[in-house]
Amino acid sequence: MMKYYNYAAGPSALFPEVVEQIKSELGNWANTHSSVFEISHRGTEFMAFAKEMENTFRELLKVPDDYAVLFLQGGGRGAFDAVPLNLPLKHNRALYLTSGHWSRQPALEAAKYIEVRTAELVDKDYQPTKLDWTQETQDVDYVHFTANETVEGIENFTVPKVSPGVLIVADMSSDILSRPINVSDYDVIYAGAQKNIGCSGVTVYVVRRSLLGHANKFCPAILNWQIYADSDSLFNTPATFSWYTCGLTFKHLKDTFGNLENLEQVNIRKVNKLYDYLDSQDFYVNKVNPAVRSRMNVSFNTPSAELDAKFVKEAQEAGLYYLKGHKVIGGLRASTYNAVSEEAVDALVQFMKLFADKYK
Ligand code: PMP
């Protein structure tokens, strides 16, 4: 029987076990005789589920008590506004470290509210620049960086060093929960759900509690972290189905891997199969410096745009879906998020070998 694999960049694959559970609970979730998305978010069942969802997330990421975990709407892009609108500002200035497409977008958005400086954390040749930004951050309120560049396949594993008192904000939309982090190294972490967490419609924020309560007076209530912290994230009607998929995924991660240390080992082993193959041949090219190669998105090219297009078509015929690169850089991209199995990576490498032999 033909097998199908999903390498989509987001929304992307959920764990098959999670999808099966969703199917089995449709129409009667938690003995409510309704689907999870047909009932009140303020009912006992949903509120209990939401509490457990937050607790499991906290446990997995080891979130200290002095951090709030908030679930908002608006996606990653909503956070591009929420950050400058919520943080306490003295200088009205921030440094946005860029490393690719998704770190340049929040800088453009923040410039509506504050003075934005930018500097390259990874340059146009996919080389990391430096980690010590103490000098450049003497007179800024915060530094923003993007932990994983979903388009180019660049992952910034190390938190940049900044001047004392300067806040660190990280967009972890495409690598959250894929590896352990020390939450205390950050002041704000945010992530759209639709890659490693669940369905689109939820944005998770991890915010140092001492930073709450400073929102700009024009900050919309639906982006105001304090309001969400005060209401257990139930200020307005949440995307209940998306919350449900997040809660199921967190539980699945905990039950299957135990902790993020274990999961990280699986992710490293899995993606290295792909990088090892890429490094062993000269048909495909991956341009990213090995120090910042992403474990979540692997971008590569064949020798020509025509062959890239053929690759996408023939891969799909072989059951390998969504390998087209993002439109801003073209080429090919395989996403290897938590829910993408090792078997899927093996199948991809196998297909890549056959394709290279055919067109070399
Ligand atoms: N940040 C990163 C790293 C992303 O990959 C994306 C979307 N692919 C976004 C932000 C924007 O997220 P959204 O579409 O949820 O606004």
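Just follow the structure's listing: the first ligand is 1, and inside any ligand the first atom is 1. These values consider heavy atoms only, across backbone and side chains, with no hydrogens, waters or symmetry-generated copies.
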Heavy-atom nearest option to atom 13 (P) of ligand 1, drawn from Ser12, Pro11, Gly76: Gly76

Indicate, as side chain, backbone, both or neither, the part of Phe80 found under 4.0 angstrom from ligand 1 when only non-hydrogen atoms are considered.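 Side chain only.
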
Which residue holds the protein heavy atom closest to [atom], what is that atom called, and what is the gap in Å?
| atom | answer |
| --- | --- |
| atom 16 (O) of ligand 1 | Arg77 N, 2.8 Å |
| atom 2 (C) of ligand 1 | Asp171 OD2, 3.5 Å |
| atom 5 (O) of ligand 1 | Thr150 OG1, 2.5 Å |

Using a plain distance cutoff, I'd like to know if [X] has any nitrogen or oxygen under 3.5 Å from a nitrogen or oxygen of ligand 1.
| X | answer |
| --- | --- |
| Gln194 | yes |
| Asn148 | no |
| Lys195 | yes |

Taking only residues two or more places apart in sequence or in another chain, which ones pass side-chain contact (heavy atoms from CB on, under 4.5 Å) with Ala119?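 Ala119 satisfies side-chain contact (heavy atoms from CB on, under 4.5 Å) with Leu95, Leu97, Trp133 once adjacent residues are dropped.
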
Go through the structure and list residues passing ring pair (Phe, Tyr, Trp, His ring centres under 6.0 Å) with Phe145, not counting sequence neighbours.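 Scan of Phe145 (ring pair (Phe, Tyr, Trp, His ring centres under 6.0 Å), adjacent residues dropped) gives none.
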
Charged N to carboxylate O below 4.0 Å: is that the case for Arg179 and Glu155?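 Yes, Arg179 and Glu155 are salt-bridged.
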
Does one side chain, of [X] or [Y], offer a donor that lies under 3.5 Å from an acceptor on the other?
| X | Y | result |
| --- | --- | --- |
| Glu38 | Ser35 | yes |
| Glu314 | Tyr359 | yes |
| Glu261 | Gln265 | no |

Does Gly192 reach ligand 1, in the sense of a heavy atom lying below 4.0 Å from it?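 Gly192 does not count as a contact of ligand 1 under the 4.0 Å cut-off.
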
Angle between ring planes, His101 versus His326, binned at 30° and 60°: parallel, tilted or perpendicular?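 Rings of His101 and His326: tilted, 30 to 60°.
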
